Amino acid sequence: MSDQQSSIGSGAKFKGKITGAKALEINGDVEADIDIGKITIGQDAHFKGGIKADLAVISGIYEGTMQAESIWLTDTSRVSGEIRYQSLQMDRGAALNCRVVYNWDDTDQKSKKSKTKDKTDEQSDENIEDNIENE
Amino acid sequence: MSEITYISKEVSVVEGVLTAEDSKVVVAGSFSGNINANEVILEEGSKFEGEVDARIIVIEGDLKGKVKSYQLKVSHTARVDGELLTNSIEVASGAEIAGSISRVS
């Protein structure tokens, strides 16, 4: 039980501030500001408020300003407000009535570059590992 | 499973108002505010401050505030400080309770 991720069940209503959560699944009605790793807003969920996340998966209704590395809007999602993203996936049927911002600034460019770098790094790491093994 | 509202260990909620009249709420982390549910379990290691109102309440952690329930169970790991209103109470040996206990009128 203790390893279970946090969730707001369907039929539940929540209002408040949530901190420290790594992952949260919402199936109820929530009004909150959240800074989190991964957030899932279920099909019957209604979320109002700000979200800062690494990954946000939205299948329900969202109102507010969301800022996430990666956003996935499924076919049942309804979004209003503003979303800022670095990677966005939208399924056919997703309804957006919002400002959509690809937050391209220096830090993002750096992270892009470092991502491509990571690939070469991985390769070189592999080479190093090979070398170690050879030795 | 999705019916359950679960506040995990690392999570802290402040100024929370949680209503889940038909379902179950489990708190393993820290919660400050009000909970109104069918069943509330405050797990061992949890911290709660505020008011809980539920048909069934199980207290295993720290609680400060007011509790109102039809059926209340206080486990040996519990530390309760406040006002308990209940029609049926079970207290395990080792539980620390400070405050008042009275019937739901």
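Values reported hereafter were calculated over all heavy atoms of this structure, with side chains retained and with hydrogens, waters and symmetry mates removed. Residue numbers start from 1 in every chain, and the chains themselves are labelled A, B, ... in the order their sequence lines are given, proteins ahead of strands. Worth saying up front: this structure is predicted, and the values here are computed from it rather than measured.
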Taking side-chain contact (heavy atoms from CB on, under 4.5 Å) as the test, write out the residues that go with R78(A), two or more places apart.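 Only I61(A), A95(A) meet the side-chain contact (heavy atoms from CB on, under 4.5 Å) criterion with R78(A).
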Is the CG atom of N97(A) crowded by more than 12 outside heavy atoms at less than 6.0 Å?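 No.
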Atom CD of E82(A) with >12 non-hydrogen neighbours under 6.0 angstrom: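 Enclosed: over 12 neighbouring heavy atoms sit under 6.0 Å from CD of E82(A).
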Interatomic spacing from CZ in F14(A) to CD1 in I7(B) - rounded to 0.5 Å: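 Separation between the atoms: 6.0 Å.
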In Å, rounded to the nearest 0.5 Å, how long is the span from NZ of K15(A) to OG1 of T19(B)?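 Spacing of NZ (K15(A)) from OG1 (T19(B)) equals 9.5 Å.
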Of all pairs that satisfy ring pair (Phe, Tyr, Trp, His ring centres under 6.0 Å), the ones with a partner from residues 16-64 of chain A, not counting sequence neighbours: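 Ring pair (Phe, Tyr, Trp, His ring centres under 6.0 Å) check on residues 16-64 of chain A returns F47(A)-Y62(A).
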Under a 4.5 Å cut-off applied to non-hydrogen side-chain atoms, are Y6(B) and I8(A) in contact?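 Of all side-chain heavy-atom pairs linking I8(A) with Y6(B), none is under 4.5 Å.
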Which atom pair, heavy atoms only, marks the closest approach of E10(B) to K22(A)?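 Heavy atoms of E10(B) and K22(A) come nearest at OE2-N, 3.7 Å.
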Considering all heavy atoms of both residues, which atom of G9(A) and which atom of T5(B) are nearest to each other, and what is their separation?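 Looking at all heavy atoms of both residues, the closest pair is N-OG1, 2.8 Å.
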Side-chain heavy atoms nearer than 4.5 Å, only ILVMFWY residues, links allowed to pass through others: does that put [X] and [Y] together?
X	Y	answer
I34(A)	I83(A)	yes
L96(A)	Y85(A)	yes
I89(B)	L42(B)	yes
Y102(A)	V79(A)	yes
V80(B)	Y70(B)	no

Sort by residue number and list every residue of residues 51-60 of chain A having at least one heavy atom under 4.5 Å from chain B.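 Answer by number: none.
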Taking every heavy-atom pair that is under 4.5 Å apart, which of V17(B), V11(B), V25(B) has the most such pairs with chain A?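 Result: the option with the highest number of such pairs is V17(B).
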Does the T19(A) side chain pair with the main chain of S12(B), one donor and one acceptor, at a distance under 3.5 Å?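 At least one qualifying donor-acceptor pair exists.
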Test side chain to side chain donor-acceptor pair (under 3.5 Å) applied to E21(B) - qualifying residues, sequence neighbours left out: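 So E21(B) forms no side chain to side chain donor-acceptor pair (under 3.5 Å) with any residue.
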Is the closest side-chain donor-acceptor distance between E3(B) and S10(A) under 3.5 Å?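 Looking only at side-chain atoms, S10(A) and E3(B) do form a donor-acceptor pair, the distance falling under 3.5 Å.
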